[in-house]
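Everything on this sheet refers to the single structure shown next.
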There are 4 protein chains.
Amino acid sequence: MRKKESKKEMILNAATSLFAHKEFHLVGMDDVAKKAKVAKGTLYNYFKSKEDLYFSILKTRLNTLVNSLKESYNANENAWNNLKRYIERIHKFMTSNPYFFMILKKEEPILEKKKKIEIKSTIDTLKETIHKVFIKGVKERTFRIETANELVTDLVLSMTDTVIKRDLKYNDKTKAVETFLGFLSTIILVN
Amino acid sequence: MRKKESKKEMILNAATSLFAHKEFHLVGMDDVAKKAKVAKGTLYNYFKSKEDLYFSILKTRLNTLVNSLKESYNANENAWNNLKRYIERIHKFMTSNPYFFMILKKEEPILEKKKKIEIKSTIDTLKETIHKVFIKGVKERTFRIETANELVTDLVLSMTDTVIKRDLKYNDKTKAVETFLGFLSTIILVN
Amino acid sequence: MRKKESKKEMILNAATSLFAHKEFHLVGMDDVAKKAKVAKGTLYNYFKSKEDLYFSILKTRLNTLVNSLKESYNANENAWNNLKRYIERIHKFMTSNPYFFMILKKEEPILEKKKKIEIKSTIDTLKETIHKVFIKGVKERTFRIETANELVTDLVLSMTDTVIKRDLKYNDKTKAVETFLGFLSTIILVN
Amino acid sequence: MRKKESKKEMILNAATSLFAHKEFHLVGMDDVAKKAKVAKGTLYNYFKSKEDLYFSILKTRLNTLVNSLKESYNANENAWNNLKRYIERIHKFMTSNPYFFMILKKEEPILEKKKKIEIKSTIDTLKETIHKVFIKGVKERTFRIETANELVTDLVLSMTDTVIKRDLKYNDKTKAVETFLGFLSTIILVN
DNA sequence: GATGAATGAGCGTTCATTCAT
DNA sequence: GATGAATGAACGCTCATTCAT
């Protein structure tokens with residue numbers, strides 16, 4: 001049944017792969033239509049603007065990530081192992097979507113306010129999911145007490161992002177994340 | 001005498017403020033000319049392209065930052081105080097140039113290769129400057145030994161960036177940086 | 001049914017008439033669009049650049065001319081009558097396309113090398129077509145033997161061009177060509 | 001005394017050499033100023049526009065040519081030798097000014113009407129000068145009677161032009177003009 | 001007279017969006 | 001729903017001309 005992909009899915013898949021490798025402004029609707037094997041006008045039957053298309057992808061991808069994290073949670077494991085798995089998944093996600101986190105830091109009017117709020121709420125869920133593991137770790141007395149702070153969640157996300165960018169720059173796909181996890185453990189875990 | 005700003009400075013100031021708030025593609029040369037109170041053609045007397053203008057700003061601003069850090073260095077102080085002052089200055093710089101660090105993470109060909117290399121070398125100087133303080137701290141035996149690692153320099157920069165973005169989002173100009181410095185001290189300093 | 005001209009034809013007709021009266025640099029794409037009653041963007045759906053538009057016209061028109069000559073050839077007639085008819089057609093063509101022969105003499109890089117080669121090959125066909133009549137005339141022993149020379153073909157073309165320019169200058173549409181044909185007969189035919 | 005060239009002469013010399021190798025639209029006033037080692041504004045002290053500069057050169061150069069022809073005239077020689085020398089000089093002139101004759105055929109509004117009339121009068125002098133040699137040749141009974149016609153003068157000029165263009169195209173600086181003179185003698189001279 | 005920084009109308013081209021079929 | 005030809009505002013950039021010094 002996977003054969004019969006809906007037009008909408010074809011567009012989303014095409015656009016996702018394009019936006020993943022190029023900036024918003026460098027992806028043309030022509031490119032999307034071509035890659036999706038669909039007429040340009042068809043794009044506008046499903047998405048009311050380029051921005052809307054972009055936004056939908058962002059939302060979809062982030063939800064996928066959040067679900068992937070939630071799904072990987074294991075109550076019987078210790079917090080550090082959970083966190084490690086989270087970071088690995090986030091790392092993998094960021095590697096194939098290097099532009100998605102960038103947009104979130106912007107004050108740019110690329111996205112309408114209403115849409116931004118939707119995205120923001122998904123991000124909040126993402127952060128809460130991570131945050132809970134920190135809480136769990138502190139309760140376990142394996143994480144430092146200062147880490148049960150939203151700021152730390154943000155910092156972990158941005159550090160992960162930095163690690164990805166280094167990976168991409170140096171074509172060093174594996175070492176940095178391990179080094180990072182090592183460093184992270186000295187930061188987070190009680191000695 | 002500050003009244004008599006050179007045309008080039010007027011353009012740089014106008015463009016800096018525009019690029020600081022909007023992406024490269026969303027800033028038009030018309031906007032720059034208008035803001036600089038200069039004819040469009042004049043822009044091209046000083047900068048050979050939009051990219052060149054952007055690049056010049058990036059370079060100038062980064063040099064300013066690097067010089068500011070170097071100038072604030074005090075050999076008689078301990079490493080942590082030096083680092084704190086660095087971070088404060090970087091924080092201040094990032095606050096008024098929120099987009100400048102973003103571009104550096106992109107793989108996008110907005111900048112020509114040669115220009116990118118120039119920028120990269122300035123960034124490298126910036127990182128070395130910070131890195132030296134970590135070395136100093138490790139020598140002093142006040143910084144953890146693991147911190148004498150380039151990755152840590154990168155992480156500190158990106159964490160600082162994240163803190164700025166939070167500040168901007170929550171209009172909470174002072175607390176985050178203090179909290180951050182507190183957290184940073186638990187990460188970096190030997191207990 | 002001539003009412004329903006295709007967009008491409010509308011553009012070609014508009015551009016032809018503009019390029020026929022003004023130099024390449026003095027014809028704007030705005031002018032073409034306006035005259036063709038088409039949006040400027042539409043021009044670029046059919047021609048990838050101004051140069052391409054210009055080139056297409058040149059090619060099309062020259063092919064029309066060459067076909068017109070070939071079609072007018074009559075193996076049963078003597079060479080001089082064939083040549084006269086050729087010159088009349090060339091004359092007519094040049095009258096309505098006074099700028100097209102000018103471009104061919106330029107060394108200017110208005111046209112890309114590859115495109116120039118295409119045009120040149122059409123011109124070569126044109127010259128060969130004329131040249132053959134000279135060969136035929138020499139075989140018939142009605143043309144002087146020296147005329148079976150490529151240079152003469154060129155000279156005849158340029159003389160025809162000169163005649164057109166005089167016609168246009170003096171608004172004397174018929175006499176010059178007749179006088180010219182008379183003179184040409186004394187040049188070409190054996191006495 | 002040749003050392004102290006006037007500013008005006010410097011400009012004229014620079015512009016002449018530039019217009020000789022490139023089309024009107026492809027020569028910039030910047031280029032002229034640079035080549036003349038003069039500030040751009042200075043150009044406008046001597047010539048009220050780019051067109052005026054171009055026009056002045058055209059006039060000057062044509063006068064030089066006409067004077068050169070007149071000066072080379074020798075009443076004691078036969079017409080054919082005079083004509084040959086004329087053509088050699090015209091050929092040489094055209095070779096170093098390949099664009100100057102092109103402009104004369106145009107209906108282009110590059111030149112104002114008044115200016116065009118001035119140029120035209122110089123051209124008329126040029127043609128008369130040549131025409132007189134044809135008259136002389138006919139009187140001598142060495143030239144065909146039909147050649148004492150203004151059209152023939154025009155044709156000779158355009159043929160010469162064609163020969164230059166071939167020379168330039170094939171880098172065959174000497175043969176074409178000799179072949180041409182040979183052919184011309186069969187056209188013009190009584191058998 | 002000489003300068004060259006400043007000008008701004010105009011250029012060729014792009015591309016998100018529309019709409020008749 | 002699906003199409004893709006048509007649109008036109010907007011873009012980065014050029015260059016003949018002006019004018020304060």
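Residue numbering restarts at 1 for every chain, and letters A, B, ... go by the order of the sequence lines.
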Closest-nucleotide ordering on DNA chain F, the 5'-leading residue of K7(C) and Y44(B): K7(C)
Sugar-phosphate only, base, or nothing, as touched by Y46(D) at under 4.0 Å among non-hydrogen atoms: sugar-phosphate
Euclidean distance, atom CE of residue M10(D) to atom P of dA2(E) [Å, nearest integer]: 10 Å
Which residue lies more 5' along DNA chain E, comparing T42(B) with T42(C) via nearest heavy atoms: T42(B)
Whole angstrom value for the distance that separates C1' of dT7(E) from CD1 of I11(B): 12 Å
By side-chain hydrogen bond (donor to acceptor under 3.5 Å, both in side chains) - contacts of N13(C) (at least two apart): E5(C)
Return all side-chain donor-acceptor pairs below 3.5 angstrom for residues 31-46 of chain B, not counting sequence neighbours, or 'none' if the list is empty.
from, atom 1, to, atom 2, distance (Å)
D31(B), OD2, G28(B), N, 2.9
K35(B), NZ, S17(B), OG, 3.2
T42(B), OG1, A39(B), O, 3.4

Geometric class of the F24(D)/Y54(D) ring pair [parallel <30°, tilted 30-60°, perpendicular >60°]: perpendicular
Nearest-Å distance for atom pair CZ/P, residues F55(D) and dA16(F): 19 Å
From L65(D) atom CG to M94(D) atom CE, the distance as rounded to the nearest 0.5 Å: 8.0 Å
Pairwise distance OG(S121(B)) to NZ(K59(B)) - rounded to 0.5 angstrom: 9.0 Å
Interatomic distance, T64(A) atom OG1 to I57(A) atom CD1 [nearest 0.5 angstrom]: 11.5 Å
Sugar-phosphate, base or nothing in reach of G28(D), heavy atoms under 4.0 Å: sugar-phosphate
Donor-acceptor pair (no angle test) under 3.5 Å: K40(D) side chain, dT17(F) base: yes
Spacing between K50(A) atom NZ and dT14(E) atom P, to the nearest angstrom: 15 Å
K8(B) NZ to dA6(E) C1', straight-line distance once rounded to whole Å: 16 Å
With F47(C) via side chain to side chain contact (heavy atoms under 4.5 Å, CB included) - residues at least two apart: K8(C), I11(C), L12(C), D52(C), L53(C), S56(C)
Watson-Crick and G-U pairing of DNA chain F, under 3.5 Å, as dot-bracket with | and [ ]: .||||||||||||||||||||
Closest non-hydrogen atom pair between K50(D) and H25(D), with its separation: NZ-CA, 4.0 Å
Strand contacts (DNA chain E) in residues 29-39 of chain B, 4.0 angstrom heavy-atom criterion: V38(B), A39(B)
Partner residues of T122(A) under the side-chain hydrogen bond (donor to acceptor under 3.5 Å, both in side chains) criterion, sequence neighbours left out: none
Length of the CG-P vector between L43(D) and dA16(F), whole Å: 10 Å
d(NE2, H25(C); C1', dA16(F)) in whole Å: 15 Å
Length of the CG-P vector between N45(B) and dT17(F), whole Å: 17 Å
